[in-house]
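Worksheet: one structure, shown below.
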Amino acid sequence: MTTLHFHKYQGTGNDFVMIDDRARQFDITDYKLVRHLCDRRMGIGADGLILLRQHADYDFEMVYFNADGHLGSMCGNGGRCTVAFAKQLHVIQNQARFLAADGPHEARVDADGTVHLRMQNVTGQQVVEEHGIFLDTGSPHIVQFLSPNTLAELNVFAEGQQVRYSEYFREKGTNVNFVEAPATAGQPWQVRTYERGVEDETLSCGTGVTAVALAASRQGATSPVHLRTRGGDLRVSFEAQPDGSFTHVYLSGPATWVFEGNIPC
Ligand SMILES: N[C@@H](CCC[C@H](N)C(=O)O)C(=O)O
């Protein structure tokens, strides 16, 4: 029987099957296997699967799949988990330069395990009528700001699905973030996200909270922005440029090893 060795990681509750594929042996076209491994009843269970691969010009390459089995775009929480995994494998020490779907990234790991991940610069945001503010932070995101005290009871699955499968987004899809501004200064922005490729609410989305922080800066939020997801707290820092773009964008938070094992495949 052939078995596959895996590690399980989570970043603020966004969980991933991690595979040490430095030898590049995993068949990236096998979407049925990826979907099976991510299945919470029949497999290991995760929001996504990540391969850590050797790369000639970087410390490593991160190859990310959504739970539906298909190759995804950038994953912020997954990126932080991959950095922690690379440290566990002694591929890096406390600094990393790696390649992901949206290009090169740098990261740093603090003594307490916090991973600071530099995201790509973000150029502009666009109001998509009826749906909210659209930004691409490595993955596509809609941000909807809600009225006070409405986020906790919101049906994120139903509302998110409506936007994701709307006429406007049906073809390529989008992630959808619902946001409540802090009631008092110093409190976090609260975020819940419907994730494309998982097609459900997840406990946290890194590229999502990055999109929220940048959109919130137009509403007076200043860097670093403190965000609270159902799976934990994240911070996003950035420099807003006069042309409307954002540079030096960093996503910071924990990335935790959960367990490891072998699964027949
Ligand atoms: N959970 C991820 C977002 C992953 C991208 C998304 N599922 C998509 O395909 O658009 C994150 O932490 O950024």
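Only heavy atoms go into these numbers, but all of them, side chains included; no hydrogens, no water, no symmetry mates. We're numbering straight along the sequence, starting at 1. Whatever order the structure lists ligands and atoms in, that order sets their numbers, starting from 1.
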ask   = Is it true that Phe134 and His141 have ring centroids separated by less than 6.0 Å?
value = no
inquiry  = Does His90, at its NE2 atom, have more than 12 non-hydrogen atoms belonging to other residues, nucleotides or ligands within less than 6.0 Å?
reply    = no
ask   = Are Phe246 and Phe238 close enough that their ring centers fall under 6.0 Å?
value = yes
inquiry  = If we only consider heavy atoms of Gly72, is any one of them less than 4.0 Å away from an atom in ligand 1?
reply    = no
task = Measure the distance from atom 2 (C) of ligand 1 to every protein heavy atom, then report the residue, atom name and distance (to 0.1 Å) of the closest one.
result = Cys75 SG, 3.1 Å
ask   = Judged by modelled atom types alone, do His226 and Trp189 share a side-chain donor-acceptor pair under 3.5 Å?
value = no
Closest protein heavy atom to atom 5 (C) of ligand 1, given as residue, atom name and distance to 0.1 Å = Ser139 OG, 3.4 Å
task = Provide the number and element of each atom of ligand 1 under 4.0 Å from a heavy atom of Asn14.
result = 1 (N), 2 (C), 11 (C), 12 (O)
task = Report yes if some N/O of Gly76 lies less than 3.5 Å from some N/O of ligand 1; otherwise report no.
result = yes
inquiry  = Show, in sequence, the C-alpha distance, side-chain angles and deciding distance for Lys8 and Glu260, and conclude whether the salt bridge (charged side-chain N to carboxylate O under 4.0 Å, His left out) test is met.
reply    = CA-CA 6 Å; Lys8 178 80 185 287; Glu260 66 187 294; over 6 Å; no
ask   = Under 4.0 Å from any heavy atom of Thr207, which atoms of ligand 1 are there?
value = 3 (C), 11 (C), 12 (O), 13 (O)
key: Between Asp47 and Thr202, a side-chain donor and acceptor under 3.5 Å   = no
ask   = Is Ser204 close to ligand 1, meaning an N/O of one under 3.5 Å from an N/O of the other?
value = no
message = Taking 4.0 Å as the limit for heavy-atom contacts, which would you say applies to Glu195 with ligand 1: side chain only, backbone only, both, or neither?
response = side chain
Protein contact of atom 10 (O) of ligand 1 - nearest heavy atom, named by residue and atom, plus distance = Asn175 ND2, 2.7 Å
query = For ligand 1, is there an atom lying under 4.0 Å from some heavy atom of Asn66?
reply = yes
inquiry  = In terms of relative ring orientation, are Phe26 and Phe65 parallel, tilted or perpendicular, with 30° and 60° separating the classes?
reply    = tilted
message = If the contact criterion is a heavy-atom separation under 4.0 Å, does His141 count as touching ligand 1?
response = no
request  = Note the single closest protein heavy atom to atom 4 (C) of ligand 1, along with its residue, its atom name and the distance in Å.
outcome  = Tyr64 OH, 3.3 Å
task = Return each pair, listed once, that meets side chain to side chain donor-acceptor pair (under 3.5 Å) where at least one residue sits in residues 154-164; pairs must be two or more places apart or across chains.
result = Arg164-Glu199
inquiry  = Using a 4.0 Å cut-off to any heavy atom of Met74, which atoms of ligand 1 qualify?
reply    = 4 (C), 5 (C)
key: Check: Ser204/Asn77 side-chain N/O donor and acceptor closer than 3.5 Å   = yes
query = Strictly by modelled atom types, are His105 and Arg118 linked by a side-chain donor-acceptor pair under 3.5 Å?
reply = no
ask   = Which ligand 1 atoms, with their elements, are less than 4.0 angstrom from a heavy-atom of Asn77?
value = 11 (C), 12 (O)
request  = Do me a favour and list the nearest non-hydrogen protein atom to atom 12 (O) of ligand 1 with residue, atom name and distance?
outcome  = Gly206 N, 2.6 Å
